[in-house]
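What follows is a single structure, written as structure tokens, with notes after it.
Proteins come first, then strands; the chains are lettered A, B, ... in the order of their sequence lines, and each starts at number 1. Please read all numbers here as calculations on a predicted model, not as lab measurements.
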Amino acid sequence: MGDAQIEIQIIAAVVAAACAIPGVFLVLRKMALISDAISHSILLGIVVGFFITNDLNSPWLILLAAVTGVLTIVMVEMIQRTKLVKEDTAIGLVFPLLFSIGVILISKNANDIHLDVDSVLIGELAFAPFDRFIFDGMDLGPKSLWIMGTILIISVASLLLFFKELKVTTFDPGLAASIGISPLIFHYGLMSVSSVTIVGAFDAVGAILVVALMIAPAATAYLLTTNLKKMIGLAVLFGVTSAISGYWLAHYLDASISGSMTTMLGVIFLITYLFASDKGLIASIYRHKKQKIEVSLIIFLLHLNNHRDEIEARQFIHLQEHFNWTKKYAESVVDLADKNNMIQFEGDLIALTEKGENFTDLTLKYILTNKDDEIEHLKRDFFLFRG
Amino acid sequence: MKEERIAIQVDDLTVAYNYKPVLWDIDLKIPEGVMMAIVGPNGAGKSTLIKAMLDIVKPIAGNVQVFGKPYHKQRKLVAYVPQKGSVDWDFPTTAIDVVLMGTYGTLGWIKRPGLKEKKAALEALEKVDMLSFKDRQISQLSGGQQQRVFLARALVQNASIYIMDEPFQGVDATTEIAIVNILKELRKDGKTLVVVHHDLQTVPEYFDWVTFLNVEKIATGPIKDIFNDDNLTKTYGINYKVAIR
């Protein structure tokens with residue numbers, strides 16, 4: 001592995017980590033699309049900044065771009081406040097406008113600017129190591145690593161300093177305001193950090209893919225944990241993993257690095273969505289199947305309970321006819337009851353055991369009162385009671 | 001009778017959203033130690049009134065004082081229970097963590113809740129009978145349990161005034177009784193309670209003071225003096241008996 005290769009991977013990993021942290025809060029605040037808006041409209045800030053400074057690497061560019069990002073939010077909120085349109089429409093109105101002004105400015109001055117629309121959209125990580133940070137004749141590494149590193153440090157520092165404030169303003173802005181933690185300040189704080197992060201990542205991955213880096217790791221982590229700290233940790237892990245595996249995918253396919261990174265984000269999300277133990281697709285299909293058969297079990301037990309004195313009603317063949325179940329389904333219901341020792345067989349008749357009677361009573365009570373204090377112990381064995 | 005202190009005083013308060021007044025020139029004195037319901041039809045500005053008391057909504061005119069001082073100087077004396085529906089219960093956090101948020105106001109910047117705060121949170125959960133659910137993810141709690149967690153969070157604030165927005169909404173009968181009992185206990189300890197309430201039938205049973213609100217203040221005072229047909233009609237219109245069902 002050459003030096004450039006290692007540097008590209010480090011830059012990609014730092015970009016991914018820096019994007020994942022604010023991304024978690026955007027996802028939890030249901031503001032994922034805001035990152036899309038910011039990532040496009042900052043182009044205007046970058047172009048205007050370039051006109052002023054004539055230097056693509058001036059810190060003023062980052063600052064101006066971040067200001068444009070925050071301006072986007074302010075404009076979206078202003079339009080929203082008119083109540084004429086909803087938030088998504090307001091977002092759709094604002095960022096294309098700012099972005100297109102940026103595009104016009106670039107195309108009008110295409111000869112003077114070392115910026116083209118293609119790289120604006122998808123970025124070019126492969127060139128990042130060529131732009132060095134030279135200080136006093138010393139080569140201190142790629143410039144973009146310094147920029148993104150600084151942004152990552154800012155992100156991590158704000159997270160550590162303001163974790164509880166970010167948490168409470170995200171979860172319950174009403175309470176936060178009442179105890180003196182201004183939701184407004186943290187809203188704009190988060191918007192500013194997001195804007196700066198997006199501006200920094202823009203160079204590496206472009207306007208479209210930076211959205212994926214912010215949203216996908218957080219969305220994936222959300223499927224796996226019910227703890228905010230873990231969610232942030234997992235999001236960073238997924239971001240970095242996608243970045244590095246994406247780099248190698250691009251290497252073998254000889255294709256775009258940013259495109260491959262985003263593809264890996266998608267793949268990791270898909271795998272997680274399929275296999276997550278609680279919220280995943282397979283788990284949820286399994287749970288629905290279980291719940292269905294458990295409902296049938298309860299119907300069956302209640303039936304036995306209600307018709308305990310009628311011989312005919314307690315025959316297996318009767319179940320199929322009266323419940324309109326197939327033989328196979330009826331068998332699996334009876335099996336489930338038998339496995340839990342809720343029924344016993346008296347010849348070809350079925351009767352409730354004591355355990356079966358207790359279970360039926362508790363279930364009936366739960367269905368009628370919807371109070372789950374007494375069925376807590378059943379939640380382990382039966383999906384139905386887990387809500 | 002000893003001279004009573006005023007817990008919350010609202011003077012000439014007007015709040016408007018987009019220049020449309022939702023609260024119009026409200027004057028209100030809430031004496032310390034009362035258990036007061038705020039009632040009124042939908043859109044009467046009940047939630048807005050308590051949000052204005054809490055400095056969450058900025059009025060276009062008038063002001064609010066808590067024990068004679070502006071709210072922002074008295075934050076630690078006030079606990080707020082927002083509407084249960086105002087938060088996303090799928091947020092990745094647990095019951096005890098939500099209760100701990102009640103301590104954030106006194107902690108100050110940077111500091112995290114420590115042992116002392118954890119102990120207080122556990123005690124509060126115990127009081128609302130939710131100790132066994134402390135580590136449960138909040139989306140896995142029933143509506144009544146979620147409301148109890150919110151109440152525990154207010155208890156942990158150990159305030160003098162408790163302001164609650166529809167704490168009985170969407171809770172089961174057992175939880176409702178449990179919450180009422182805790183509120184009555186708080187009042188016995190000399191706390192002041194201000195509760196936005198929807199169910200007119202239980203007002204005389206649960207509360208000792210009431211404020212009728214419909215954009216303007218209709219009446220405020222002890223239940224026994226002012227909870228009558230006249231005020232109900234003024235607040236809800238001539239068909240109030242139909243309207244409240």
Measuring from [X]:[atom1] to [Y]:[atom2], what's the distance to the nearest 0.5 Å?
X: B:K111; Y: A:K164; atom1: NZ; atom2: NZ; result: 8.5 Å
X: B:D90; Y: A:K279; atom1: CG; atom2: NZ; result: 6.5 Å
X: B:D88; Y: A:L28; atom1: CG; atom2: CG; result: 8.0 Å
X: A:I181; Y: B:M101; atom1: CD1; atom2: CE; result: 10.0 Å

| field | CA sep, side-chain torsions, deciding dist, call: B:V78, A:S178, side-chain contact (heavy atoms from CB on, under 4.5 Å) | value | CA-CA 8 Å; B:V78 184; A:S178 81; over 6 Å; no
Counting only heavy atoms not in [X] (residues, nucleotides, ligands), do more than 12 fall under 6.0 Å from its [atom1]?
X: A:Y286; atom1: OH; answer: no
X: A:F163; atom1: CZ; answer: yes
X: B:L115; atom1: CG; answer: no
X: B:W89; atom1: CH2; answer: yes
X: B:D199; atom1: CG; answer: yes
X: A:L270; atom1: CG; answer: yes

Part of [X] lying under 4.5 Å from any heavy atom of chain A:
X: B:Q157; result: side chain
X: B:F150; result: side chain
X: B:D97; result: side chain
X: B:I138; result: side chain

| query | Is it the backbone or the side chain of A:K167 that comes under 4.5 Å from a heavy atom of chain B, or both, or neither? | reply |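 The answer is both parts of A:K167.
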Counting C-beta onward and ignoring hydrogens, is there a side-chain heavy-atom pair between [X] and [Y] closer than 4.5 Å?
X: A:L228; Y: B:F91; answer: yes
X: A:I179; Y: B:Y80; answer: no
X: A:D172; Y: B:R153; answer: yes
X: A:F171; Y: B:V98; answer: yes

| request: Classify the ring geometry between A:F162 and B:W109 as parallel (under 30°), tilted (30 to 60°) or perpendicular (over 60°). | output: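 Perpendicular, since the angle between the ring planes exceeds 60°.
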| Contact summary for A:M231 and B:P92, nearest pair of heavy atoms |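 The pair with the smallest heavy-atom distance is SD-CG, 3.7 Å.
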| query | Do you know which of A:L160, A:L175, A:L161 has the most heavy-atom pairs with chain B at a distance under 4.5 angstrom? | reply |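 Max contact count across the listed options: A:L175.
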| field | Residue, of A:T226, A:N227, A:T225, that accumulates the most heavy atom pairs under 4.5 Å with chain B | value |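 Looking at each of A:T226, A:N227, A:T225 in turn, A:T226 comes out on top.
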